[in-house]
Amino acid sequence: MTTDREQIEFDVLFVGGGPANLAGAIHLMQLAKRENLNLEVALIEKGAEVGSHALSGAVLNPIALKELMSGYREAGCPIEKDVRGETLCFLTETSHYSLPLVPKYMRNKGFHIISLSRFVRWLAAVAEDLGVNVFPGFAGKEVLYGPDDKTVIGIRTGDKGVGKDGKPKSNFEPGVDITAKVTVLGEGAKGALLREMATKLNIFAGKVPQTFETGIKEVIQLPEKNYFGDSAVNNIHTLGYPLGLVTHGGGFIYEMKDNRLALGLLVGLGYQDPMLDLYEEFMRFKRHPFVRHIIAEGRVMEQGARVTGNGGYYTMPRLAVDGAVFVGASASMLNAPALKGIHTSMKSGMLAAEAILEAFSKGSFTQEVLARYHDLFENSWLKKELYVGRNFAQAVSRKGPVKFVHLGVQYLTGGRGLFDRMSIEKDSETLRPLKHGDLEASGKKYGSKDYDDVLFVDKLTGVYLSKTQHREDQPCHLIVHDLDLCVNECFETYQSPCTRFCPGNVYEIELEEKTREKKLKLNPSNCLHCKTCEIKDPYGNITWTCPEGGDGPSYAVL
Ligand SMILES: Cc1cc2nc3c(=O)[nH]c(=O)nc-3n(C[C@H](O)[C@H](O)[C@H](O)COP(=O)(O)OP(=O)(O)OC[C@H]3O[C@@H](n4cnc5c(N)ncnc54)[C@H](O)[C@@H]3O)c2cc1C
């Protein structure tokens, strides 16, 4: 079928409404105004609104924000709380111990606790005031290339109103071809367009494989009299229980305004146990006596999940190709030891903006010219910050006490450690096959499902609280390439881990009533867009694609 598509032309197109692209777009407009240059700039976001899909801890190191807008408080930047004190706790099954020393990179005093969702909404309003055309509800579905088949010339947005059978319905709206001299890809971790470009343009050649963590997060409404009222500490990180020391990850609890708190658990996706259930680990974290005490008498207001790429410096792609640059988490700009990617993403967007402005002054948008972004990055505080964490993900992926030896030596040697450019396994390759006793052990571990629908909610209520919606009659955006593999080899070897690593209950194994044969049931409407399935599936059998623009979660305070 050939479709007539509207074509819209801009000078610069930002794909993704996260902190990286919004800071980039704002900075570009500021610089262009200073140079008296009139640029037509657009930003598209797949969420129904900018902020609908934004989920983060989120402690903001304000360094990049100060550079972008020194008077950000006066300009109305929505800050929940300032960090007034912090603690790093080691949790055993029943107790907690505050560690006497918080590593430098985890010291947050003076930083801001924000809701990323609210923060990016505010940045989007600033960008619009500066003249950026912000289009929420539009998912970039395909990269457009020039006649040479390698210069990026823009993005095609997804069609709307296509039925499950792939045929247009009466309300069909074809996607739009948005062309630009420069396309800035800021899709966040595990971008679908980035995946396509990586295959075509080989931008990750020679790089260490990217690794990820999945975070499940809630905002909880507390009673007026609560833990934080008397506490000098409002920024808590935890290690140990429930994950132990083999699986990488940890918890966080941050005070928000209006007697609310943000709480979450991040789990490194390099875990080995095929029976590990991400959602139930999060519940175990919440049920720990130390955490339970802090959240006592609370009510879950919102829940969501998202992956973050923690691979760091050695996993960064080539930052520029002909006609396009990569920013933020798409370009692996996360300080993994500190688990902070907001300020680093913002700075990467701002550096990209500076390079783009120079490209306009030269009238050329080739890879060589846009590679100025790479030079600016190499000479920035951002590079210094990321370089210190260059072997961190590799170290924490090691099992047993050797992990701490690596971390200790890295801490003392500015990140170099015992071996520089350490290797790491891909997250899809770390699961071990099911062994005798696994099912019983998991039954015991996850047995006590004491949900109360208020403070401890089950997975489906969690999806409800993420306000996730997808139009039902559309082609499934989760492509499972081989359904037989799921119910045969994957079930026998790993007991269908997708049913446990997906925090949205998208994947279920059912028994056909008549034949009693196993069948994979997909609930794509529940998808939280976290992308864990594409990363952790041991056979690479799942591909996540963007559903219709505007679908997905509707986060307001996460
Ligand atoms: C649980 C958790 C806790 C974290 N805690 C912290 C913290 O405390 N402090 C900190 O600094 N960092 C933290 N981070 C990391 C931080 O949130 C990210 O590094 C940062 O948000 C990355 O910014 P970004 O703009 O690159 O991408 P994102 O914030 O992911 O934004 C990308 C946007 O692009 C949109 N998009 C994606 N694909 C498309 C497409 N094809 N078309 C249109 N739109 C698209 C998405 O919907 C999204 O809105 C945390 C992350 C997680 C998951």
Side-chain angles (χ1 to χ4, degrees), residues 13-24 43-64 83 106 108 111-114 116-117 119-121 123-124 135-143 155-158 178 184-196 212-218 235 237 249-252 254 262-267 282 304-310 326-336 338-346 348-349 529-532 544-547 549-553 555 558:
L13 168 65
F14 289 85
V15 182
N21 265 351
L22 286 162
L43 181 147
I44 60 166
E45 162 57 45
K46 68 177 163 61
E49 290 174 26
V50 171
S52 302
H53 293 180
L55 181 151
S56 174
V59 171
L60 174 70
N61 174 344
I63 177 170
V83 176
M106 292 191 81
N108 295 333
F111 292 176
H112 309 311
I113 300 167
I114 57 169
L116 188 65
S117 177
F119 180 66
V120 293
R121 279 183 168 85
L123 284 177
F135 302 117
F138 287 89
K141 193 81 177 180
E142 215 179 296
V143 181
I155 294 294
R156 174 168 296 169
T157 65
I178 309 180
V184 186
L185 225 68
E187 297 177 287
K190 201 68 188 169
L193 297 175
L194 188 80
R195 176 187 60 225
E196 309 304 336
F212 298 88
E213 293 172 13
T214 296
I216 304 180
K217 180 186 172 187
E218 286 176 348
N235 190 260
H237 290 108
F252 60 85
Y254 305 146
L263 154 146
L265 181 76
L266 282 137
V267 181
F282 175 58
R306 180 84 177 96
V307 294
T308 181
N310 69 342
F326 311 109
V327 299
S330 285
S332 217
M333 300 279 183
L334 178 106
N335 176 340
L339 184 64
K340 283 195 183 54
I342 303 174
H343 69 290
T344 49
S345 292
M346 290 176 74
S348 73
H529 296 204
C530 74
K531 305 181 183 171
T532 306
W544 190 96
T545 65
C546 283
D551 283 357
Y555 303 141
L558 280 177

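Note that this is a predicted model, so its numbers are computed, not measured. When a ligand or atom number is given, it counts from 1 through the structure's own listing order.
If you look at Ile342 next to ligand 1, the close heavy atoms, those under 4.0 Å, come from the backbone and the side chain alike. Under 4.0 angstrom from ligand 1, there are no non-hydrogen atoms of Val50. Counting heavy atoms under 4.0 Å from ligand 1, residue Val15 touches it through the side chain alone. Proximity of Ser345 to ligand 1, defined as any heavy-atom pair under 4.0 Å, is confined to the side chain (atoms from C-beta onward).
Listed by number with element, the atoms of ligand 1 under 4.0 Å from a non-hydrogen atom of Lys340 are 9 (N), 10 (C), 11 (O), 12 (N). Every atom of ligand 1 is numbered from 1 in the order shown, and the set under 4.0 Å from a heavy atom of Gly186 is 32 (C), 33 (C), 34 (O). Residue contact check: Ala58 has heavy atoms under 4.0 Å from atoms 7 (C), 8 (O) of ligand 1. Near Gly328, meaning under 4.0 Å from one of its heavy atoms, ligand 1 places the atoms 26 (O). Close approach of ligand 1 to Phe138 (heavy-atom distance below 4.0 Å) involves ligand atoms 43 (C). Heavy-atom contacts of Leu116 reach the following atoms of ligand 1: 21 (O) (cutoff under 4.0 Å). Contact atoms of ligand 1 toward Ala329: 22 (C), 26 (O) (distance under 4.0 Å to a heavy atom of the residue). Applying the 4.0 Å criterion to heavy atoms of His53 picks out, from ligand 1, the atoms 47 (O).
Look at Lys217 and you'll find every heavy atom at least 4.0 Å from all atoms of ligand 1. Residue contact check for ligand 1: Leu60 places no non-hydrogen atom closer than 4.0 Å to it.
Nearest protein neighbour of atom 35 (C) of ligand 1, counting heavy atoms only, is Glu45 OE1, 3.1 Å. Protein heavy atom closest to atom 53 (C) of ligand 1, with residue, atom name and distance, is Arg306 O, 3.6 Å. Nearest protein heavy-atom contact of atom 9 (N) of ligand 1 is Val59 O, 2.9 Å. Protein heavy atom closest to atom 15 (C) of ligand 1, with residue, atom name and distance, is Leu334 CD1, 3.7 Å. For atom 34 (O) of ligand 1, the nearest non-hydrogen atom of the protein is Gly16 CA, 3.1 Å. Atom 37 (C) of ligand 1 has its closest protein heavy atom at Glu187 O, 3.2 Å. In terms of protein heavy-atom proximity, atom 43 (C) of ligand 1 is nearest to Lys46 N, 3.3 Å.
Within the 3.5 Å criterion, the main-chain N or O of Phe111 finds no donor-acceptor partner in the side chain of Asn108. A distance-only check finds no donor-acceptor pair linking the side chain of Lys531 to the backbone of His529 [under 3.5 Å]. With hydrogens and angles ignored, the 3.5 Å screen pairs a side-chain donor or acceptor of Ser117 with a backbone N or O of Gly51.
Using the six-membered ring where Trp is involved, Phe252 and Tyr254 have ring planes that are parallel, under 30° apart on the 30 and 60° scheme.
Considering every non-hydrogen atom in both Lys217 and Ser56, the closest pair reads NZ-O, 2.5 Å.
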